[in-house]
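Accompanying notes for the structure given below.
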Amino acid sequence: MTTLSPNEAALLRAIEPGQTLELGELAAASGLREAQAQSAAESLTAHGYFSREEQVTSRLLLSPEGLEQATHGVAELLIRKNVQDAGGRAPIKVAQTVSVLDKAAVGSAFGGLKKAGLLVAERGEVSIKDDPAWAVHEGREALLRAVAAAGEAGLPLEQVPAAQQADLEERLGGKRKKGLFLQEDTRLRSYTLSASGAARRAELGEARPQAARLTADMLKDGSWREVEFRALNVANPPLTPCGRRNPYRAYLDLVKRKLLSLGFEEMTGSVVEPEYWNTDALFLPQFHPAREIHDVYFVRDAASGGDCFAEEIEGGVEPVASEHEGHGASGSRGWNYDFDRQRTKRLVLRSQGTVLSARWLRKLKLPGKHFAMARCFRYDEVDATHAPDFFQVEGIVCSETTSFRHLLGLLRLFAQEVARADEVKFVPAYFPFTEPSVEVHMKHPRLGWIELGGAGIFRPEVTHPHGITAPVIAWGLGLDRMAMVALGIDDIRHLFTNNLPDGLASLRRASAAR
Amino acid sequence: MPHVTFPLADLRALSGIKDLTLERLDELALLVKGELKLRASTEEEVKVELQDTNRPDTWCVEGIARQLRQHRAGEPEAYPCFAEGPAAGAIEVDPSVEGERPYVAGFLARDYTVDDAGLKAFITAQEVLCQNFGRKRKAVAIGIYDASQIEFPVRYQAVPRDGHAFRPLPPTDAEPRDGAGQPIPASRWEQPWTPAEILADHPTGREFAPALHGELAPLLTDARGEVLSFPPVINSASLGRVKPGMRELFVEVTGTTLDQVLLAANVLAANLADRGATIERVETRYPYDTPRGRQVGCPHPLADRRSVEVPLGEFGRLLGEPELARGDVERWLRAFGVAVEGEGSSLRVTSPAYRLDYLHPVDAIEDFAISRGYDAFSPCLPEAFTVGGLAPETDFSDRAREIWISCGFEEAIGNLLTSASELREKLLLPDEASPSPAPLLHGGPLVRIQNVMNANYEVVRDWVLPTLLEVERRSSSAPYPHRVFEAGEVSVWDPAANLKSRGEQRLAALICDAELASFTDMQAIVDEFLRRHGLSYGREASPGTYTLVLRDHPSFIPGRAAWVHVGDEELGVFGELHPELLDRWGLYLPVAACELRLDALERALG
């Protein structure tokens, strides 16, 4: 036997065998809202406990234009009156002057009359043709007034005179059509208890009190035994804001875990750096065009408003200065210029993650593998491809036997492990601080060949000042683009929550989509 | 990075690769570290971006062709013009230029009829060199002239800017305008201009005025006193107009560093030689000492800066192929256009005179690797065992993140750059000039950018809460309650610190809701967070406890803010944000917030 919901049971109880009740009556008798009663009644009908009858009644109502003409008269008749008042013949302008009605309505009525031959135009004047066809306009005027008199209830459709049927159809407004009349259909459903319904009703006991949920009191006094729990509505799951990781942060975490699992140790540092670490230690000459690819933000001194300088460079600048000048430990020819030692102390915002690698050389123990996720800053206009600041994932690998082939192997490993790409190609590149230098491109399943990162072996001018003579692999991965693909973002600024167009709403959508 | 554009036909002709296609060039461009912009290129207009900022010789179609040609032939090409020899002309330098733009070099190109392609390529090379290598003509500027009209010796001097008028080349603009924005009448080009007038009113003069160094105007004139040019700004209309059909050219380079000037001249000499010109040397005579003496010829061999001694074993060691044979190394180096000498286990590798990028043996080693092809090296993995690990502060911060996420907070990640008003006025804090009411949390002054590009990004944030308010400001369409946090870095101005700032790890959070955003709601979470670090609330400081001090902070409602202390460390503040602040952010629900110093907590826990 079918289990009845409390609402269904309430309906069954509300109707006596042999009774026929309309939906409104059923709702009133059962104490349900009409919508609830309807859904329960339909479900009872489906079970076969109710039989249903449906009656459609149609009523006529007036559109705003219809109401206007019901009040002031039908446009066609008003035009006729104008002509009659002028003695049976009037200039077109006079005939059309019906100030009480909308101009468009008058215009189209005038056109209709001319077309039907009821008005005859000659030399800018019109005259009336006496014709039985005028009757239909008079009939319409009567119908309009009748509908207006019926008010909000409307005029039952069957009361329309047969002679007006055709005209009514033409002037009935609809969704896309303007008209004088509107038709409203009402479906009236009534229900009767079927034989099986009557039997099922007899099995129902007395109604029990309804409860929305179990309460502590019910448990305490045992009243839960007496109640019936109200039916569930599962159609609108409520939204509960939950704790969630930031999607971009989660992506960076994933990369971080990968690097940890590959044996990399993390390096960290300040975003404010002296030029010494940001550029000089990386063997970027103070004059060279290579410096242009590292356009930097300089820090302003709060006291003087001018450039801001570090107090001192730990360890002193000489080992690096001498490399630039060509008499350093590496034996390099240097850049052949006078190195400005004061400039090394000028403070900038870190422009590349490699700065941390350079700093780490002082503490490097062999063998060593290190990485950093460094916030970097570039002098760039902020747009969909440039965030005001961004992350670079960079690092170094060093042992006594490290070589270019290890560099290639490492890059291929990154492509496989971090970017899940099997196909890579190596392209000669230029970075002022590495030689040889290489870019690794990978075949992305959707984007085709894209650059994954740049790398190389640190120039001796970079490592020797810190006492390191073994080759040091320096690598950097461009993860922004891949994070954007992974997160379905096409504006780099949207990696950062403070730039998401709808804040948390966007964040929740993004993490749901993942 | 430098970009060059040229017709593929020109490269085909110069490289001798008659059937060169764009697809093939895409691969071959690797030899010059060039990236062919395949999608933007057509046969008529090939676009290549050159990566090697230290190899200006590759920034032109001739240079690209030369590298391809030598690689195909397997050996370096000879350039007799770089050998020492007699000079066909001279440039006399006047002492007056020493403080302005001290160096000049020039050469003659004969037996070559200027054609359209060659002239275009020359102008492209000239522009790219002046722009990138010459730093917008500041360091290096180039001029080219009809040599048949010049009477040697050429004189290089500096003159007062308001004297020595001459007719400059008109600009290429369709409707040139002067410094005041007025159109320049065509008749003006028939009259002489002083250097000062050129700098004030000639479009090219205005563009390159910043490239001048001193108070005077450098001027090149010929033996008759006829003006060649006003370097680095503009050529004269009489001698400095070069057209196809001319058969004798004079090329000159001026600048601030002698070797840069000579290198640029060498590159241009090699380019014209590649097009069939005979290069003749011109000697510059200085009245003052230069790094290369008082008589400096051009093209110059620059012999002292081109060779490196590389032990054979270094190739193997750096590239990971200890078995490399000398013959292989030599073969591929020669195919890259460099000379190899010496015997046995040491190689003396010498770059051509149009390259000065051999600073160290590693530079020759890379040339070998590129010439042989990176694909010829089989990748292998580093063998040494290392232990991975996070930096302690990252580890601590990551664990803090997990706790807040588990407490129902949604994680944000914000930019570090922002505007000062977002960190100060909008948080009801006094401006930068006033002392900070909470110096540990945020400084008075900010870490401020000197060369601001956009006022929205002028300072580094010194606390995180403003970032979260920006998130909240945008979040009104998200169902409430809002619980957001960020664990992230800040930079606090600190004049006593070496870097005038200290970087810190912070954790800020906020709750925004009609009902659930009271002081107590935030206190519950802060308490939970500290409990998970083994700290519980105590009235008095003692091991294992934290204490709360009620003290106002301008961002919070008076009397509704508490400061968290553990041992000697002040961890931060939490409470209910001031309605005036909420109003400034356009927030219409109460907000409870906190800002905690994670480093301080980590220190306090020991």
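Proteins get letters first, then strands, A, B, ... in listed order; numbering begins at 1 in each.
With chain A as partner, the option from B:Ala391, B:Gly373, B:Pro481 having the largest number of non-hydrogen pairs under 4.5 angstrom is B:Ala391. The greatest number of non-hydrogen atom pairs below 4.5 Å with chain B, out of A:Pro388, A:Pro501, A:Ala505, is found for A:Pro388. Chosen from B:Asp363, B:Val447, B:Leu30, the residue pairing most often with chain A at heavy-atom distances under 4.5 Å is B:Asp363. Ranked by heavy-atom pairs under 4.5 Å with chain A, the list B:Pro445, B:Pro291, B:Pro56, B:Pro382 is led by B:Pro382. Chosen from A:Gly306, A:Gly269, A:Ser270, A:Ser506, the residue pairing most often with chain B at heavy-atom distances under 4.5 Å is A:Gly306. Heavy-atom pairs under 4.5 Å with chain A peak, among B:Val459, B:Leu416, B:Thr467, at B:Leu416. When each of B:Leu446, B:Leu318, B:Ile413, B:Leu417 is scored by its heavy-atom pairs under 4.5 Å with chain A, the top score falls to B:Ile413.
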* For side-chain contact (heavy atoms from CB on, under 4.5 Å), just list the numbers for B:Leu319 and A:Ser403, CA-CA rounded to whole Å, side-chain angles, deciding distance to a tenth of an Å, and then say yes or no. => CA-CA 5 Å; B:Leu319 299 174; A:Ser403 76; over 6 Å; no
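A donor atom on one side chain and an acceptor atom on the other are found under 3.5 Å apart for A:Thr268 and B:Glu393. Side-chain contact check for A:Arg405 and B:Ser378: at least one donor-acceptor pair (N or O, by modelled atom type) lies under 3.5 Å.
Residues A:Trp335 and B:Leu359 have side chains in contact (heavy-atom distance under 4.5 Å, counting atoms from C-beta outward). Residues A:Val299 and B:Ile449 are not in side-chain contact: their nearest non-hydrogen atoms beyond the backbone lie 4.5 Å or more apart. Residues B:Val484 and A:Leu504 meet the side-chain proximity criterion, which asks for heavy atoms closer than 4.5 Å.
With a threshold of 4.5 angstrom between heavy atoms, A:Glu461 approaches chain B through side-chain atoms but not through N, CA, C or O. Heavy atoms closer than 4.5 Å to chain B are found in both the backbone and the side chain of A:Ser437. For A:Leu495, the part lying under 4.5 angstrom from a heavy atom of chain B is the backbone only. Of the two parts of A:Cys308, only the side chain, counted from C-beta on, holds a non-hydrogen atom closer than 4.5 Å to a non-hydrogen atom of chain B. With a threshold of 4.5 angstrom between heavy atoms, A:Lys425 does not approach chain B through any atom at all. Using a 4.5 Å cut-off between heavy atoms, A:Leu260 contacts chain B through both its backbone and its side chain.
By the neighbour-count criterion of 12 heavy atoms within 6.0 Å, atom CG of A:Asp338 is sparsely surrounded, having that number or fewer from other residues, nucleotides or ligands.
Taking the six-membered ring for Trp, A:Phe377 and B:Tyr457 have ring centres at least 6.0 Å apart.
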